[in-house]
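Take a look at the structure set out below.
Computation of the quantities below employed the complete heavy-atom set of this structure, encompassing side-chain atoms and omitting hydrogens, waters and symmetry-equivalent molecules. Reminder, nothing fancy here: chain letters follow the sequence lines and each chain counts from 1.
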Amino acid sequence: MDSKLAELVAARRVKLDELRAQGIDPYPVRFAPSASLAEVRAAHAELAPGTETGVEVTVAGRLVARREHGKLTFLVLREDGVDLQLFCPRGALDQPSRALIGHLDVGDWVGARGEVLATRKGELSVRPAELTLLGKGLRPLPDKWHGLTDTEARFRQRELDLVVNPDARRVFALRARVLKALRAELDERGFTEVETPMLHPIPGGAAARPFVTHHNTLDTDLYLRIAPELYLKRLIAGGMPRVYEINRSFRNEGMSTRHNPEFTMLESYQAYADYHDVMDLTEALLQRAAREALGSLQLSYQGREVSLQGPWRRATLLELVREATGLADLDYDVEVDRVRALCEAHGVRTEPSWGVGKLVLELYEALVESTLWEPTFVIDYPVEVSPLARRHRSAPHVTERFELIVTGRELANAFSELTDPDDQRARFEAQVAARAAGDAEAMHLDESYLAAMELGMPPIGGLGVGVDRLVMLLADVASIREVVLFPTLRPERT
RNA sequence: GCGCCGCUAGCUCAAUUGGCAGAGCAUCCGGCUCUUAACCGGCAGGUUCGGGGUUCGAGUCCCUGGCGGCGCACCA
């Protein structure tokens, strides 16, 4: 261990030993506060300086500051992001507490029983008659003023980040409100929350590379799921009319400010609905999340305003690409070489196997997606890049699929689900062919899923929302690691 | 995977052209009964991310490895 850190720990261990020698348990089993620090603050707001309330409370928290003033000591407790001062004139303390107070360090968990008052300077405080050590800390806390700014340390030791950086608390409290709002909206609409497997024999429901693991007793490889989609639609086939799942999926791909290898998706499926219904649902879900997490539909993201006020723009992928390229006659039935040349003219990398649909999608991603700042439903994606989506009811080359783009980023992906088992089998076979041709992200053929489809499915509107990205938007943070408590990092090597 | 940037005391940061590795906070010792980044006095604390090289001399320059950030690539 580093010498100075060892010295700091050693100094605390000395106190630990001395406390034990005095018969004080530094790690007691239980404590019963009468109120949280927040409750004490709320119950005694605006006390005039010098007021003694006569109200006794028992509170607890982590000691985050200590100011000694001779026979008077000021301690500051922090609990769930709320601070409260302990005003500790030596004479007010009982004998054991007088012995204890000199052995307290910043970072310790401390309980206090005493009267609520406001000091002569007006600071709301508890004047303890009794102090209780609730948990001795052996390691120092980061700088009380500058906090912890080292990004790596903040992610590897998130507990420190949470102790000293109020913004970390803000983000994760907001995340919790977002999840609660999403569930509330879906529950009110009659959706049932379900949990489907994370260990999949065949990775399905998305085009992505999976993590592989192994089950010893079965002696078989399993995959961490890349999406819950196929299982959820099997539930619709089973007669559950509206289901949703909010949980982790895993993709063994590159990491970035928008990609963590494990991430949280909301997926919902409802019988009888099409993608127009799902757009309405999506708008309602995100607006509710914003209202309940922020209290407003007017956001600021990275210094730029965004309004979630509806209705949101709906534009086809083709018309967006036409706008961006200035080619009003571009369509899915033109010569593939012409579109390939267009890609090259715009610096978009292509592969010989790609058809017009894939090339148009590439143009969209290169030229359009990042420019869509206000919420926009981009609709009608090419069939060849949408193997699980229903063919459009009136346009031959596209599916009834949309992605929701906000601040240039994909937040949701949804479609009128493909429910025709024969079409699905043909789409899977095209994917299998693509895989054989070297596309590692192409889907596998899933007979269990086809069997469920052959049982008969009603019309289904399906939705997937990237919850981490939604939280990023609402919390106004630039990296997905800021909204995941313990983001994936390379293990430290020594 | 590629490119750029970063890594100095527990934390936050300095260190001129390559010339004695420093400060604030925290710790430790002493003082102080209304502080709140408390204050005053004093002591101590370093593998400058690891390894190698150039040089009389390396935190600084070169090579190499590690970890992180950002961008790109990959990617529903």
Side-chain angles (χ1 to χ4, degrees), chain A residues 1-12 14-15 49-50 64-76 83-92 105-107 117-125 127 138-157 160 163-165 205-209 226-227 229 249 251-261 263 265 267 349 361 365 369 381 385-389 401-405 409-415 439-441 443 464-466 469 478-479 481-482 487 489-494:
Chain A
M1 190 181 289
D2 307 303
S3 62
K4 184 57 191 181
L5 179 58
E7 192 182 303
L8 293 168
V9 171
R12 287 164 178 245
V14 168
K15 293 177 190 168
V64 293
R66 175 191 176 101
R67 296 180 288 272
E68 278 193 85
H69 211 106
K71 295 186 179 62
L72 174 62
T73 301
F74 299 91
L75 303 177
V76 178
D83 290 358
L84 186 67
Q85 177 171 276
L86 302 181
F87 174 80
C88 308
R90 187 172 174 78
D105 288 300
V106 167
L117 53 80
T119 62
R120 295 210 289 264
K121 294 289 174 62
E123 181 74 27
L124 182 66
S125 307
R127 181 176 56 206
L138 298 178
R139 287 172 179 264
L141 250 36
D143 190 280
K144 65 184 174 187
W145 186 244
H146 298 97
L148 185 68
T149 62
D150 179 69
T151 315
E152 182 176 356
R154 288 183 45 237
F155 295 159
R156 286 196 198 277
Q157 295 181 263
L160 288 181
V163 171
V164 301
N165 291 330
R209 287 198 232 204
I226 55 176
E229 170 152 355
S249 288
R251 297 185 185 177
N252 201 343
E253 292 162 351
M255 296 158 63
S256 76
T257 50
R258 290 168 293 282
H259 301 262
N260 196 58
F263 63 101
M265 261 207 303
E267 289 205 4
R349 193 185 56 80
L361 177 68
E365 289 182 348
E369 188 175 85
Y381 280 63
V385 296
S386 312
L388 300 171
R401 170 180 172 188
F402 74 80
E403 286 190 2
L404 172 67
I405 310 298
R409 291 176 186 165
E410 176 199 342
L411 277 193
N413 178 30
F415 18 94
D439 181 354
E441 283 85 35
M443 292 182 190
V465 177
R469 291 181 184 176
S479 170
R481 297 181 198 92
E482 297 290 350
L489 296 178
R490 194 182 289 273
E492 289 178 288
R493 299 203 324 196
T494 45

Problem - Partner nucleotide of B/G57 by Watson-Crick or wobble geometry (both distances under 3.5 Å) - result: none

Handout entry: Those residues that, when tested against A/Glu365, pass side chain to side chain donor-acceptor pair (under 3.5 Å) (two or more places apart)
Key = none

Practice task
In whole angstrom, give me the gap between the C1' atoms of B/A58 and B/G19.
Solution key: 10 Å

Exercise for the section: Report yes if at least one side-chain N or O of A/Thr73 is closer than 4.0 Å to OP1 or OP2 of B/C34; otherwise report no. Expected result: no

Practice task
Summarise how protein sits on nucleotides 68-75 of chain B as a single string, 5' to 3': B when a protein heavy atom is under 4.0 Å from the base, S for sugar-phosphate-only contact, - for no contact.
Solution key: SSSS-BBB

Exercise for the section: For A/Leu160 and B/C11, give me the distance from atom CG to atom P, rounded to whole Å. Expected result: 9 Å

Practice task
Not counting sequence neighbours, which residues clear side chain to side chain donor-acceptor pair (under 3.5 Å) with A/Arg409? List them please.
Solution key: A/Tyr301

Atom pairs, N/O to N/O, protein against nucleotides 39-44 of chain B, distance under 3.5 Å?
none

Problem - Residues in ring-ring contact (aromatic ring centres under 6.0 Å, His included) contact with A/Phe415, at least two apart in sequence or another chain - result: none

Handout entry: Rounded interatomic separation in angstrom, taking CZ from A/Arg66 and P from B/U27
Key = 8 Å

Exercise for the section: Return the value, rounded to whole Å, for the distance between atom CG of A/Leu148 and atom C1' of B/A26. Expected result: 14 Å

Exercise for the section: Take atom CZ of A/Arg67 and atom P of B/C25, then tell me their distance rounded to the nearest Å. Expected result: 15 Å

Practice task
Once you apply the 3.5 Å cut-off to both distances, tell me the Watson-Crick or G-U wobble partner of B/C34, or none.
Solution key: none

Handout entry: Residues that A/Glu152 engages under salt bridge (charged side-chain N to carboxylate O under 4.0 Å, His left out), provided they are two or more places apart
Key = A/Arg156

Problem - Pair partner, B/C7 [Watson-Crick or wobble, under 3.5 Å] - result: B/G66

Exercise for the section: Applying salt bridge (charged side-chain N to carboxylate O under 4.0 Å, His left out), name anything that partners A/Glu369, two or more places apart in sequence or on another chain. Expected result: none

Handout entry: side chain to side chain donor-acceptor pair (under 3.5 Å) involving A/Asp105 - partner list, sequence neighbours excluded
Key = A/Lys15, A/Lys136

Problem - Between P of B/G46 and CG of A/Leu5, the distance in whole Å - result: 12 Å

Exercise for the section: Tell me, please, which residues at least two apart from A/Arg490 pass salt bridge (charged side-chain N to carboxylate O under 4.0 Å, His left out). Expected result: none

Exercise for the section: Compare the minimum distances between each of B/C28, B/G10, B/U33 and the side chain of A/Pro89, then state the nucleotide with the smallest one. Expected result: B/U33

Exercise for the section: Indicate yes or no: at least one non-hydrogen side-chain atom of A/Ser249 is less than 4.5 angstrom from one of A/Ile226. Expected result: no

Exercise for the section: Classify the side chain of A/Asp143 and the base of B/G10 as holding, or not holding, a donor-acceptor pair under 3.5 Å. Expected result: no

Problem - Interatomic distance, A/His69 NE2 vs B/C32 P [rounded to whole Å] - result: 11 Å

